[in-house]
Amino acid sequence: MPLKVGDIITFERTFTVRDVELFTEISRDEGIHHITPDEQGRLVVQGLLTATLPTKVGGDHNVLARNMNFEFLRPVFTGDTINCEVKIEKYERQENNRTAIMATFLCKNQNEKEVLRGDFSGVIL
C-alpha cells in the first residue's frame, strides 16, 4: 500500500553495547565516549548509529535518499530505547515515473526527551 501525505510511521529500538561495538568497528568512530563506559556503565551511541532509525523507515519503503538533515539534540546511551516518528510531508508521482518523497522525523528517548530531529527527501525506487 503506497504512502500518502500525513502518514506517520514509527519505529523503536533499544541500543546495546554490542550495537555500539559493531558500529565502532565499521565506522571507525572511536571517540573515547564510544569505547569507555561512563560511571553508570553506559556508552554514548554514535550519532549516525542513532540516525539509522529514520533511515530504517526509508529503507522499508525503498527510498533512495537525496538529502538527509540531522539535528542531534542530546546524547543517546546504551540501554536507551528510542522511538522515531517519521511523517510523510510530500509524496507525489513525477513525470519520469518515479515518486518523490519528503519526510520529517523526531526521535525521543524513553523519558520523552527529544534526541534527534530532521528530514530527508528522495525518490521511491
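Along the sequence shown, residues are numbered consecutively beginning with 1.
- Shown here are the salt bridge (charged side-chain N to carboxylate O under 4.0 Å, His left out) partners of Arg74, two or more places apart in sequence or in another chain: there are none.
- Under a 4.5 Å side-chain heavy-atom criterion applied to ILVMFWY residues, the cluster that includes Ile8 comprises that residue alone.
- No continuous path of hydrophobic side-chain contacts links Val20 to Val44 [ILVMFWY only; heavy atoms under 4.5 Å].
- Listed by chain and number, the residues in a salt bridge (charged side-chain N to carboxylate O under 4.0 Å, His left out) with Arg42 are Asp38 (sequence neighbours excluded).
- Here the closest heavy-atom approach between residue Lys108 and residue Glu112 is recorded as CD-OE1, 3.5 Å.
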In a table with atom names and distances, give each donor-acceptor pair under 3.5 Å that connects a side chain of residues 85-94 to protein atoms at least two apart or in another chain.
| from | atom 1 | to | atom 2 | distance (Å) |
| --- | --- | --- | --- | --- |
| Glu89 | OE2 | Thr104 | OG1 | 2.8 |
| Arg93 | NH1 | Thr99 | OG1 | 3.1 |
| Arg93 | NH2 | Asn97 | OD1 | 2.9 |

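- Judged as a salt bridge (charged side-chain N to carboxylate O under 4.0 Å, His left out), and not counting sequence neighbours, Glu30 has no contacts.
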* Can Leu22 and Arg18 be said to form a side chain to side chain contact (heavy atoms under 4.5 Å, CB included), step by step? -> CA-CA 6 Å; Leu22 288 169; Arg18 185 70 181 135; 3.3 Å; yes
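- Atom OG1 of Thr16 sits about 8.0 Å away from atom CD of Glu21, to the nearest 0.5 Å.
- Val5 and Ile9 fall within a single hydrophobic cluster, where Ile, Leu, Val, Met, Phe, Trp and Tyr are joined by side-chain heavy atoms under 4.5 Å apart, directly or via other members.
- When hydrophobic residues (I, L, V, M, F, W, Y) are linked wherever their side-chain heavy atoms come within less than 4.5 Å, the members clustered with Leu64 are Val123, Leu125.
- Applying the ring-ring contact (aromatic ring centres under 6.0 Å, His included) rule to pairs touching residues 14-55 yields nothing, sequence neighbours excluded.
- Contact check for Val76 versus Asn109: no side-chain heavy atoms found under the 4.5 Å cut-off.
- Between the Asn96 side chain and the Arg98 main chain, a donor and an acceptor come within less than 3.5 Å of each other.
- Evaluation of the side chain to side chain donor-acceptor pair (under 3.5 Å) rule for Asp119 yields Asn69 as partners, not counting sequence neighbours.
- The list of ring-ring contact (aromatic ring centres under 6.0 Å, His included) pairs with a residue in residues 103-125, not counting sequence neighbours, reads Phe70-Phe105.
- Atom CG of Asn83 and atom SG of Cys107 lie 8.0 Å apart (nearest 0.5 Å).
- Under the 4.5 Å side-chain heavy-atom criterion for grouping Ile, Leu, Val, Met, Phe, Trp and Tyr, Ile82 is connected to Val45 within one hydrophobic cluster.
- For Thr14, the side-chain contact (heavy atoms from CB on, under 4.5 Å) partners are Thr81, not counting sequence neighbours.
- Both Phe11 and Met68 belong to a single network of hydrophobic side chains, linked directly or stepwise wherever heavy atoms of I, L, V, M, F, W or Y lie under 4.5 Å apart.
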Validation: residues 47-60 side-chain donor-acceptor distances under 3.5 Å, sequence neighbours left out:
| from | atom 1 | to | atom 2 | distance (Å) |
| --- | --- | --- | --- | --- |
| Thr50 | OG1 | Gln46 | O | 3.3 |
| Thr52 | OG1 | Leu49 | O | 2.6 |
| Thr55 | OG1 | Thr52 | O | 3.0 |
| Lys56 | NZ | Asp60 | OD1 | 3.0 |
| Lys56 | NZ | Asp60 | OD2 | 2.6 |

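- With sequence neighbours excluded, no residue forms a salt bridge (charged side-chain N to carboxylate O under 4.0 Å, His left out) with Asp80.
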* **Glu71/Arg117 under salt bridge (charged side-chain N to carboxylate O under 4.0 Å, His left out): CA gap, chis, key distance, verdict** => CA-CA 5 Å; Glu71 183 178 0; Arg117 69 176 161 222; 3.0 Å; yes
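- In plain terms, the two heavy atoms of Leu116 and Leu73 that are nearest each other are N-CD1, 4.0 Å.
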